[in-house]
Amino acid sequence: MIFLKTDEEIELLRESNLILGKALAEVAKAIKPGVTTAQLDKIAEEFIRDNGAIPSCKGYEGYPATLCTSVNEQVVHGIPSDKVFLKEGDIISVDTCVLKNGFHGDSAYTFPVGEVSEEVMKLLRTTKECLYKGIEQAVTGKRLGDIGATIQTNAEKAGYQVVREFIGHGIGRDMHEDPEVPNYGRRGNGVVLKSGMVIAIEPMVMSGRRNVIIENDGWTARAADRKPAAHYELSVAVRNGKADILSTFDYIQEVLGERFI
């Protein structure tokens with residue numbers, strides 16, 4: 001069942017998402033060679049709780065951490081660890097959810113660690129571009145297939161593939177609500193978008209084949225061919241004429257400055 005949100009509920013969703021955006025910016029300050037993913041997780045959890053919110057990934061279906069930290073060929077759901085040290089030239093997707101006032105925020109950003117090859121930077125730029133092109137389709141009267149087809153076309157035009165096993169979703173009082181929001185599809189197909197729908201759009205783009213496998217921890221999804229993958233996500237409210245982006249990368253941009261992608 002798809003729950004349409006009132007304007008008041010959308011503002012509560014925006015509040016959760018803004019805390020999340022600031023938490024990701026705090027993480028961005030710490031990302032450098034030699035840092036562990038467990039250190040990043042601690043920073044995020046402390047910031048979220050200090051701002052009166054709850055890290056809603058932690059404990060979700062048994063997930064043990066605040067952040068999902070997916071490095072290089074890991075696509076999503078990488079578990080933070082004090083044994084995973086970031087290295088120069090790595091990339092790391094940081095994905096998390098925040099709960100405040102009964103509503104969840106959800107966002108993800110893939111960061112370069114130090115100096116990254118131009119080949120990998122192209123993957124990051126393309127994936128982020130896919131996200132924003134998908135968001136442009138999140139308006140009243142369009143269909144879910146318009147979002148997926150736009151993301152898929154943009155990725156494949158650049159020579160990449162989109163993941164099929166993991167997709168975006170509705171968000172609200174539950175972290176994952178209807179509808180499902182695939183990053184592939186056909187224009188004109190799928191659920192008609194209505195004002196008040198709130199969805200998390202999150203392209204996951206592979207530099208090699210689109211096949212993924214789940215690691216032995218039962219969570220971490222990585223590229224089967226071990227080639228780099230990127231992941232960006234924002235929560236948006238469907239509106240007439242133009243989508244209302246509830247999450248933000250603005251705080252990350254303030255931290256990264258000229259290094260912001």
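For the numbers below, each heavy atom of this structure counts, side chains included, while hydrogens, waters and symmetry mates do not. Computed from a predicted structure; not experimentally measured.
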Minimum side-chain heavy-atom gap L144-V181 below 4.5 Å: yes
Side chains of V212 and M206: closer than 4.5 Å at any heavy-atom pair? yes
Kindly say whether E11 contributes a backbone atom to a donor-acceptor pair with the side chain of E15 at under 3.5 angstrom? no
Please tabulate, for the side chains in residues 185-199, all donor-acceptor contacts under 3.5 angstrom to protein atoms that are two or more places apart in sequence or on a different chain.
residue : atom : partner : partner atom : Å
R187    : NH1  : T150    : OG1          : 3.0
R187    : NH2  : T150    : OG1          : 3.4

Under the rule for salt bridge (Lys or Arg N to Asp or Glu O under 4.0 Å), what residues qualify as partners of K32, not counting sequence neighbours? none
On a heavy-atom basis, the closest approach of I151 and P203 is CG2-CB, 3.8 Å
Any side-chain heavy-atom pair of V205 and Q161 under 4.5 Å: no
Regarding N240 and T140, do their side chains bring together a donor and an acceptor under 3.5 Å, going by distance alone? yes
Flag, side chain of Y63 to backbone of L67, donor-acceptor distance under 3.5 Å: yes
Without swapping roles, check the side chain of S235 against the backbone of G105 for a donor-acceptor pair under 3.5 Å. no
Salt bridge (Lys or Arg N to Asp or Glu O under 4.0 Å) partners of K133, counting only residues at least two apart: none
Taking atom OG of S16 and atom CD1 of I171, what is their separation to the nearest 0.5 Å? 8.5 Å
Kindly indicate whether the side chain of T248, heavy atoms from C-beta on, has any atom under 4.5 Å from the side chain of L18. yes
Using the test side chain to side chain donor-acceptor pair (under 3.5 Å), find all partners of R164 that sit at least two apart in sequence or belong to another chain. none
Should K87 and D90 count as an ion pair when the cut-off is N to O under 4.0 Å? yes
With side chain to side chain contact (heavy atoms under 4.5 Å, CB included) as the criterion, how do T127 and T110 come out once you've worked through the C-alpha distance, each side chain's angles and the decisive distance to 0.1 Å? CA-CA 9 Å; T127 306; T110 301; over 6 Å; no
Could you check F260 against E254 for side chain to side chain contact (heavy atoms under 4.5 Å, CB included), going step by step and ending with a plain yes or no? CA-CA 8 Å; F260 182 73; E254 289 174 7; over 6 Å; no
Member of I92, L256, V120, I261 meeting the side-chain contact (heavy atoms from CB on, under 4.5 Å) criterion with P112: I261
Starting at OG of S56, measure out to NZ of K100 and round the result to the nearest 0.5 Å. 13.5 Å
Quick one: list whatever passes ring-ring contact (aromatic ring centres under 6.0 Å, His included) with Y184, sequence neighbours left out. none
Would you find more than 12 non-hydrogen atoms of other residues, nucleotides or ligands less than 6.0 Å from K22 atom NZ? no
Approximate separation, where rounding is to 0.5 Å, of T69 OG1 and F111 CZ: 12.0 Å
Could you measure the distance from the CG atom of L12 to the NE2 atom of H104? Nearest 0.5 Å is fine. 12.5 Å
Just to verify, what does Y232 make a ring-ring contact (aromatic ring centres under 6.0 Å, His included) with, not counting sequence neighbours? Y109
Contacts of F3 meeting ring-ring contact (aromatic ring centres under 6.0 Å, His included) (sequence neighbours excluded), chain-then-number -> none
Check ion pair K29-E26 (N to O, under 4.0 angstrom): yes
Test your reading of the model: is there a side-chain donor-acceptor pair from D95 to the backbone of C68, 3.5 Å cut-off? no
Could I get the full list of side chain to side chain donor-acceptor pair (under 3.5 Å) partners for Q152, not counting sequence neighbours? E156
Applying salt bridge (Lys or Arg N to Asp or Glu O under 4.0 Å), can you list everything that pairs with E165, at least two apart in sequence or on another chain? none
Once rounded to the nearest 0.5 Å, what's the spacing between atom CG of L246 and atom CG of L20? 11.5 Å
Point-to-point distance, once rounded to the nearest 0.5 Å, from CZ of R14 to CG of D7: 9.5 Å
Partner residues of E118 under the salt bridge (Lys or Arg N to Asp or Glu O under 4.0 Å) criterion, sequence neighbours left out: R125
Under the 3.5 angstrom rule, does the side chain of Q137 hit a backbone N or O of G134 as a donor-acceptor pair? no
I want to know whether H231 and F166 have ring centres closer than 6.0 Å. no
E215 vs R222 side-chain heavy atoms within contact, under 4.5 Å: yes
CA sep, side-chain torsions, deciding dist, call: E202, N183, side chain to side chain donor-acceptor pair (under 3.5 Å): CA-CA 7 Å; E202 50 177 322; N183 297 305; over 6 Å; no
Does any part of the side chain of L124, heavy atoms only, come nearer than 4.5 Å to the side chain of I91, both counted from C-beta? yes
Qualifying residues under ring-ring contact (aromatic ring centres under 6.0 Å, His included), relative to F85, sequence neighbours excluded: none
Determine whether P228 and N72 make a side-chain contact, defined as any pair of heavy atoms from C-beta on separated by less than 4.5 Å. no
Chi angles and distances behind the side chain to side chain donor-acceptor pair (under 3.5 Å) call for T126, E129: CA-CA 5 Å; T126 300; E129 181 181 79; 5.4 Å; no
If you look only at pairs with a residue in residues 35-48, which of them pass as a salt bridge (Lys or Arg N to Asp or Glu O under 4.0 Å), with sequence neighbours excluded? K42-E46, E45-R49, E45-K58
Would D106 and H169 satisfy side chain to side chain donor-acceptor pair (under 3.5 Å), going step by step from the backbone distance to the final call? CA-CA 10 Å; D106 195 357; H169 51 89; 3.0 Å; yes
